[in-house]
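Note sheet for the following structure.
Chain A is the first sequence line, chain B the second, and so forth, proteins listed ahead of strands; every chain is numbered from 1. What you see is a predicted model; the values in this text were computed from it and never measured.
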Protein chains: 2
Amino acid sequence: MSSVSDQQGKPDAQPGDPQPRMKSGDRRELIVVAAAGVFGDFGYFGTTTDQVAKAAGVSQPYVSRMFGTKEQLFLEVLARSLRTLLSAFTAEIAAGTGPGLPARIGLAYVELLRDRGLLLSLMHAFVLGGDPAIGTAARAGFLEVYRLLRVDAGFSAGEARDFLANGMLINTMVGLRMSDEFETNDLANECLRTALPEKLDLVLNLGKEQRSDR
Amino acid sequence: MSSVSDQQGKPDAQPGDPQPRMKSGDRRELIVVAAAGVFGDFGYFGTTTDQVAKAAGVSQPYVSRMFGTKEQLFLEVLARSLRTLLSAFTAEIAAGTGPGLPARIGLAYVELLRDRGLLLSLMHAFVLGGDPAIGTAARAGFLEVYRLLRVDAGFSAGEARDFLANGMLINTMVGLRMSDEFETNDLANECLRTALPEKLDLVLNLGKEQRSDR
DNA sequence: ACATGTGGTTATCGAATGATTACCAAACCG
DNA sequence: CGGTTTGGTAATCATTCGATAACCACATGT
């Protein structure tokens, strides 16, 4: 055999264990992505830097040292989420601003649910508007999205409202893990189908993997 | 004069200081209301039992002993919020189920914003769907609201979705403290006006008092 | 008057958490 | 090779927080 520290050579190298040393920038991105997932599940106050560290496969002090503070880490997660969202919308706008644009942006939005924690982290930030640092960043981000819809995408005020309202409803139902009840509760079933006429399966499949353990 | 412990008789009795002993039930309700405000601001994990205690004017251990655990306290806050919401809607339904019902229920919803923390606590619960206890209660509550809209109020699936979507958007903007930007940011101004065609002043006035300090 | 239940408080404890320090080893570099 | 930068970890620390214990006092019935 040879599994625990051979006499010579590298000790076997378990699958993912012996990370061959990453560049700090890559590691940083990896941690931010992992953090988005955890923050999405437990919110800012509810997540531990240690949870993030474990999710990213590094030690807790490493997270602290790399980001300075948990708040800073959250702000970077927030910034990344907004960047991703805005560029996804911008891409749709660039692909043409015909009457089909609202529907396309809507689809692009739902696609973002694939990125675990992206929209949920946003949502957690949104309800923390009273926090000095997070609230400020969250408001600015929300307004930037609104600006993009109104100005760049050419939505009317009412269209922008309807779009955002649906988005918030989707976020809420994802945060609620409503998909857990999809097969057992008729109301939940209808509610999900009505809010997500397209790409429902996306949310349902998502509900099966997710589990950050705590 | 006579201000610090008189020789005889009760020592002056500062305005609110010498609470003349409350019945446990009343105190409990008082704490739950105070807790709703704090939970609304900081969320479940972000709130300490001590903040709640101070907001309610009691000692921290008293909160712990009365509710057993912070989670239990939050669940009672959640239950109270849902009770209030459902009975407000039920009252509108009882007042007549004509075509004006959706608008009336909408107004009733916005009125609930007066009860500091009620809708925000709900919102915080909604995005914590992954939590075993809170998530279960939150899902059940959300579905009960949906049931009421669909069955009792006679909304179509689409009407129910639109109503809830707008509700979630309003909650989000309140959580974001978007009203802080109302006078300084044109987009925020329009966004608020569009989402709250009626009762905008309610949200604006609300934004001025609120401050739970931390 | 006195026992007793009830509405509270102060003091304190143990666990969890975010951050800091000190240290280590792989990689790069002349 | 020998040094230095860089990507990490283990150990530890100071706080904070939720909960418990011990105690106190007002009210109330008798």
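In this structure, A:Asp115 pairs ionically with A:Arg80, as a charged nitrogen and a carboxylate oxygen lie closer than 4.0 Å. A salt bridge between B:Asp41 and B:Arg177 is present, with a side-chain N of the basic residue lying under 4.0 Å from a carboxylate O of the acidic one. Under a 4.0 Å N-O distance rule, the pair A:Arg193/A:Glu190 does not qualify as a salt bridge.
Of the candidate nucleotides C:dT9, C:dA19, D:dG18, C:dT9 has the atom nearest to the side chain of B:Val58. Closest to the side chain of B:Pro61, out of C:dA11, D:dG8, D:dC26, is C:dA11. Of the listed nucleotides (C:dG7, C:dA22, D:dA11), C:dA22 has the atom at the smallest distance from the side chain of A:Arg65. Side chain of B:Lys70, nearest nucleotide from C:dA25, C:dG8, D:dA19: D:dA19.
At the phosphate of C:dT9, neither OP1 nor OP2 sits under 4.0 Å from any side-chain N or O atom of B:Tyr62. OP1 or OP2 of C:dT17 sits under 4.0 Å from a side-chain N or O of A:Thr48. At the phosphate of D:dA19, neither OP1 nor OP2 sits under 4.0 Å from any side-chain N or O atom of B:Thr49. Using a 4.0 Å cut-off, no side-chain N or O of A:Arg27 falls inside it from OP1 or OP2 of D:dG7.
Rounded to whole angstrom, the span from the CZ atom of A:Phe74 across to the C1' atom of C:dA19 amounts to 20 Å. Rounded to whole Å, the distance from CG on A:Leu30 to C1' on D:dG8 is 14 Å. Between the P atom of D:dG18 and the CD1 atom of B:Ile31 lies a distance of 14 Å, rounded to the nearest Å. Atom CZ in B:Arg21 sits roughly 10 Å away from atom P in D:dT28 (whole-Å rounding). Taking atom CZ of B:Phe42 as the reference point, atom P of D:dC17 lies 11 Å away to the nearest angstrom. We find that CD of B:Gln51 is positioned 7 Å from P of D:dC17, with the value rounded to whole Å. A straight line from NZ of B:Lys23 to C1' of C:dG5 spans 14 Å, rounded to a whole angstrom. Taking atom CG on B:Asp50 and atom P on D:dG18, their separation rounds to 8 Å, with Å as the unit.
Using a 4.0 Å heavy-atom distance criterion, B:Ser64 is classed as a base contact.
Tested against A:Arg147 for a side chain to side chain contact (heavy atoms under 4.5 Å, CB included), the candidates A:Val151, A:Leu143, A:Val145 yield a single pass: A:Val151.
Between A:Phe89 and A:Tyr109, the ring-plane angle classifies as tilted under the 30° and 60° cut-offs.
Ranked by how close their nearest DNA chain C nucleotide is to the 5' end, B:Ser24 and B:Gln60 are led by B:Ser24.
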